[in-house]
Amino acid sequence: MEVSVPLLLQLGAVLTALALLGAVTRRFALSPIPVYLLAGLGLGTGGVAPVSAAREFIATGAPIGVVLLLLTLGLEFSAPEFASSLRYHLPSAAVDIVLNATPGAVAGWLLGLNGIGILALAGVTYVSSSGLIARLLEDLRRLGNRETPAVLAVLVLEDFAMAAYLPFFAVLASGGGWLLALGEMVVAVVAFWVAFAASYRWGHHVGRLVGHPDSEQLLLRVLGITLIVAALAEHVHASAAVGAFLVGLTLTGETADRSRKVLGPLRDLFAAIFFLGIGVSVDPQHLVPMLPVAIALAAVTGATKVATGVFAARREGVARRGQLRAGTTLIARAEFSLIIIGLVGSSIPGLGALAMAYVFVVAIAGPVLARFTGGPLPASANV
């Protein structure tokens, strides 16, 4: 097997730089996510130090990072409890769609975009980043907070909405008709709900299937099943991230505890690659001209996401400080918004650059605002 010296050298340098940047930010009790995003911006096309040899590894590792983040997040909860939370937060999902898709649609209309462009920008501003927020909750030690179930319910319900939106939008963006788009949407939604029902009803068998006293066997079994489920979810135009989350929900007790321990280092590595990959995918030359419009749109949708989080957390009986934490936690957008941008491609001039600039702004501003509206709290905090 031939060893690629440039790949090893560039990847080693990148990981070392991320370690140093992460150490600095954690000394100030900050999440390293924003600096990872900025580092990626400097390493991509048009950046100060492009890493051409390592770019393929970053592109491959980024989606694995999202899968691992949602898998370990699912390990923190049980399927029955979470199913109950989802039903309770259907009103929160309705508020979320109205408050956060509307600004994107209005902005697209004001910018003179066609119907596909308006629909695309509405999706970009609507859906939060499950992967980024999952890591943020852990960085800020908020997994045990009272507002966290409300945040997760909103995220998963958004991903369910994406299971309908993405196949519908993909057909329209490629020039297909409305009937074909509706057909693809129905197939994806039915498949996704069947998968969720199967996970809820028979998921406990997964724990017996993957459980093993040997850590290597446990790691390989959990990771293998998770990647298969994530691939199937993606195949039906649903979310690989939610597929991984459902696997995490099915594992309980000692199996879940041991899985968290063996998966922790692997998750941290690929999560860093995921955040780096977002920055690498952005060309600074296209980003800068769109920043004024992107910042204005980010300000509006940041406020609407805060309102969404406040509404959802209030339904859980959370105090005002926790409501604000929930709202700021939801601000960041990333992976789904990037998928929507990719589906549009260059068919609508200016849309891709605007959406990329917007995603980058909220992906950086979200973690920063979340840190300074409540601060890092112990896992037992409940207000």
Can you name the closest pair of heavy atoms from S129 and F274 and give their distance? OG-CZ, 4.4 Å
Test T25 against every option in P32, P34, P367 by the side-chain contact (heavy atoms from CB on, under 4.5 Å) rule and name the one that passes. P32
State which residues pass salt bridge (charged side-chain N to carboxylate O under 4.0 Å, His left out) with E138; sequence neighbours excluded, sorted by chain then number. R267
Rounded at 0.5 Å granularity, tell me how far CD1 in I133 sits from CZ in R142. 11.5 Å
Do L223 and L68 come close enough that some side-chain heavy atom pair is under 4.5 Å? yes
What do you reckon, is CD of Q285 surrounded by more than 12 foreign heavy atoms closer than 6.0 Å? no
If you take all heavy atoms of F360 and G279, which pair is closest and at what distance? CE1-CA, 3.8 Å
Report yes or no: is the cationic atom of R333 (NZ for Lys, CZ for Arg) under 6.0 Å from the centre of the six-membered ring of Y358, at an angle within 45° of the ring normal? no
Measure across I273 and G61 and return the closest heavy-atom pair with its distance rounded to 0.1 Å. CG2-C, 3.9 Å
Can you name the one residue among L220, I225, L219 that meets side-chain contact (heavy atoms from CB on, under 4.5 Å) with V210? I225
Taking salt bridge (charged side-chain N to carboxylate O under 4.0 Å, His left out) as the test, write out the residues that go with D257, two or more places apart. R260
side-chain contact (heavy atoms from CB on, under 4.5 Å) partner of L343, chosen from L166, V171, L338: L166
Point-to-point distance, once rounded to the nearest 0.5 Å, from OG1 of T328 to CD of Q323: 12.0 Å
I'd like to know if the side chain of R258 reaches the main chain of H212, judged simply by a donor and an acceptor atom lying under 3.5 Å from each other, with no hydrogens or angles considered. yes
Keeping R146 on the side-chain end and E316 on the backbone end, is there a donor-acceptor pair under 3.5 Å? yes
Within-4.5 Å side-chain heavy-atom neighbours: S92 and L157: no
Using side-chain heavy atoms (C-beta onward) and a distance below 4.5 Å, is F275 in contact with R135? yes
Is any side-chain heavy atom of I116 less than 4.5 Å from a side-chain heavy atom of F169? yes
All heavy atoms of A298 vs all of V361, minimum pair found to be CB-CG1, 3.7 Å
Validation row: V154, S128 side chains within 4.5 angstrom (heavy atoms): no
So do the side chains of V106 and P103 get within less than 4.5 Å of each other, counting heavy atoms only? no
Counting only heavy atoms not in R26, do more than 12 sit closer than 6.0 Å to its CZ atom? yes
Given L218 and S259, is the side-chain contact (heavy atoms from CB on, under 4.5 Å) satisfied, shown in steps? CA-CA 7 Å; L218 180 64; S259 296; 4.0 Å; yes
Below 4.5 Å, heavy atoms only, C-beta onward: do L369 and V306 meet side chain to side chain? no
Could you give the distance from CG (L137) to CG (N145), rounded to the nearest 0.5 Å? 8.5 Å
Inter-residue atom distance L41.CG - I364.CD1, 0.5 Å rounding: 7.5 Å
Starting from the C-alpha separation in whole Å, work towards a yes-or-no answer on side-chain contact (heavy atoms from CB on, under 4.5 Å) for I340 and Y165. CA-CA 10 Å; I340 294 168; Y165 171 92; 3.6 Å; yes
Apply the test side-chain contact (heavy atoms from CB on, under 4.5 Å) to residues V229 and F245: give CA-CA distance (whole Å), side-chain angles for both, the deciding distance (0.1 Å), then the verdict. CA-CA 10 Å; V229 172; F245 184 77; over 6 Å; no
List the atom of L70, the atom of A134, and the distance in Å for their closest heavy-atom pair. CD2-CB, 4.3 Å
Test side chain to side chain donor-acceptor pair (under 3.5 Å), reference T304, set N100, T125, D96, output is N100
Taking C-beta and beyond as the side chain, do M356 and S281 meet within less than 4.5 Å on heavy atoms? yes
Where A39 and L21 come nearest, the two heavy atoms and their spacing: CB-CD1, 4.0 Å
Take L143 and L73 through the test side-chain contact (heavy atoms from CB on, under 4.5 Å) and record every step on the way to the result. CA-CA 9 Å; L143 287 174; L73 187 62; 3.4 Å; yes
Give a yes or no on whether L110 atom CG has more than 12 heavy-atom contacts from other residues, nucleotides or ligands under 6.0 Å away. yes
Separation between CD (E147) and CG (L152), nearest 0.5 Å, reads 10.0 Å
